[in-house]
Amino acid sequence: MDNRPIGLLDSGLGGLTVVKKVIEKMPNEKTIFIGDQAHMPYGDRPKEEIISLTRHLVRFLLDQDVKIIIFACNTATATAMKVIAPEIDRQIIGVIQSGALAAAQTTKTKKVAVIGTTATVNSEAYVDEIKARDHEIQVSQLAAPLLAPLVEADEGPEIRQKVVEKSLAPLKADTFDTLVLGCTHYPIIASEIRRVVSPKTMLVDPADQVSQYTQNVLRRDGLLADDKQIPDHRYYTTGQAAKFTKVARQWLNDPSLETLHVD
Ligand code: DGL
């Protein structure tokens with residue numbers, strides 16, 4: 001048994017989509033989330049920069065004595081996880097392996113499309129992970145670099161829909177039956193994405209599988225919290241706490257949620 005918190009990181013608000021699923025799956029676990037909004041988007045940055053920024057977030061979480069770290073960011077998972085994992089003594093769970101597993105289990109036609117940041121798409125991490133599970137699956141990818149900043153900008157519904165339509169226009173409906181939301185910001189605009197793809201398309205949010213996988217790992221390693229533990233969830237941003245709090249309260253349906261700013 002281990003009552004220390006689960007640490008989660010992302011470049012910004014997107015990681016909250018993973019926090020939400022983790023809280024739903026493991027209601028008595030404590031969580032600490034850090035979003036690096038001062039440096040988002042990560043997806044347009046060179047690899048070395050993403051690694052260095054992610055390393056800072058990992059250090060912050062280790063200083064809070066978390067028991068495990070979830071990279072609630074596809075870009076950090078694709079770019080920095082393999083480099084940072086051997087440097088620390090805590091296990092890191094990424095989102096891409098879980099997303100790939102969910103995609104391979106979901107597709108009926110063996111045709112999967114992945115949307116993500118430029119860094120995630122260029123890494124080909126989803127292609128490799130999906131094909132490792134079933135090499136017959138055809139994977140097409142589309143970088144949608146405007147979508148994570150769109151979520152952060154908290155625009156009205158019309159602008160949101162327009163940017164989503166424009167970003168996803170190159171997707172060809174007949175080339176996939178399963179669409180992976182390969183950036184943790186995208187579930188926040190899932191309804192806008194839903195409107196521009198075929199009604200038959202199955203959307204995969206890796207967070208569902210990630211929360212299940214994290215629970216399995218904690219159970220396996222004897223790290224689950226006491227089931228009588230009163231949970232406590234802490235939120236930090238390197239950006240503006242008030243802006244973060246507004247979206248986080250809505251998304252997590254918690255009107256009393258507070259955020260602290262860290263440099
Ligand atoms: N939420 C992040 C992801 O899952 C990245 C957004 C960004 O900073 O570009 O890839």
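For ligands, and for the atoms within them, numbers begin at 1 and follow the listed sequence. Computed from a prediction, not measured in an experiment: that's the story for all the values here.
- In C183, the parts holding a heavy atom less than 4.0 Å from any atom of ligand 1 are both the side chain and the backbone.
- Taking a cut-off of under 4.0 Å to the non-hydrogen atoms of A148, the atoms of ligand 1 that pass are 6 (C).
- Residue M40 has at least one heavy-atom neighbour below 4.0 Å for each of these atoms of ligand 1: 7 (C), 8 (O).
- In terms of polar-atom proximity, N74 is counted as a contact of ligand 1, with an N or O under 3.5 Å from an N or O of the ligand.
- Of the possible donor and acceptor atoms, one in the side chain of T175 sits under 3.5 Å from a partner among the backbone N and O of K172.
- In this model, a donor atom of one side chain and an acceptor atom of the other lie less than 3.5 Å apart for T245 and T259.
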What verdict does the side chain to side chain contact (heavy atoms under 4.5 Å, CB included) test give for L9 and D36, after you've listed the backbone C-alpha separation in whole Å, the side-chain angles of each residue and the deciding distance to 0.1 Å? CA-CA 8 Å; L9 62 84; D36 192 9; over 6 Å; no

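- The structure places OG1 of T237 at 10.5 Å from CE of M40, a figure rounded to the nearest 0.5 Å.
- At a heavy-atom cutoff of 4.0 Å, ligand 1 is contacted by both the backbone and the side chain of T184.
- Residue S11 has at least one N or O atom closer than 3.5 Å to an N or O atom of ligand 1.
- Using a 4.0 Å cut-off to heavy atoms of T117, the atoms of ligand 1 that qualify are 5 (C), 6 (C), 9 (O), 10 (O).
- Polar contact check, D10 against ligand 1: a nitrogen or oxygen pair lies under 3.5 Å apart.
- Against a heavy-atom cut-off of under 4.0 Å, T75 is close to the following atoms of ligand 1: 3 (C), 5 (C), 10 (O).
- Residue E165 holds its CD atom at 12.0 Å from CD1 of I193, rounded to the nearest 0.5 Å.
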Do L16 and T184 pass the side chain to side chain contact (heavy atoms under 4.5 Å, CB included) test, and can you show the C-alpha distance, the side-chain angles, and the key distance before you say yes or no? CA-CA 8 Å; L16 293 174; T184 53; over 6 Å; no

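- Heavy-atom contacts of G43 reach the following atoms of ligand 1: 7 (C), 8 (O), 9 (O) (cutoff under 4.0 Å).
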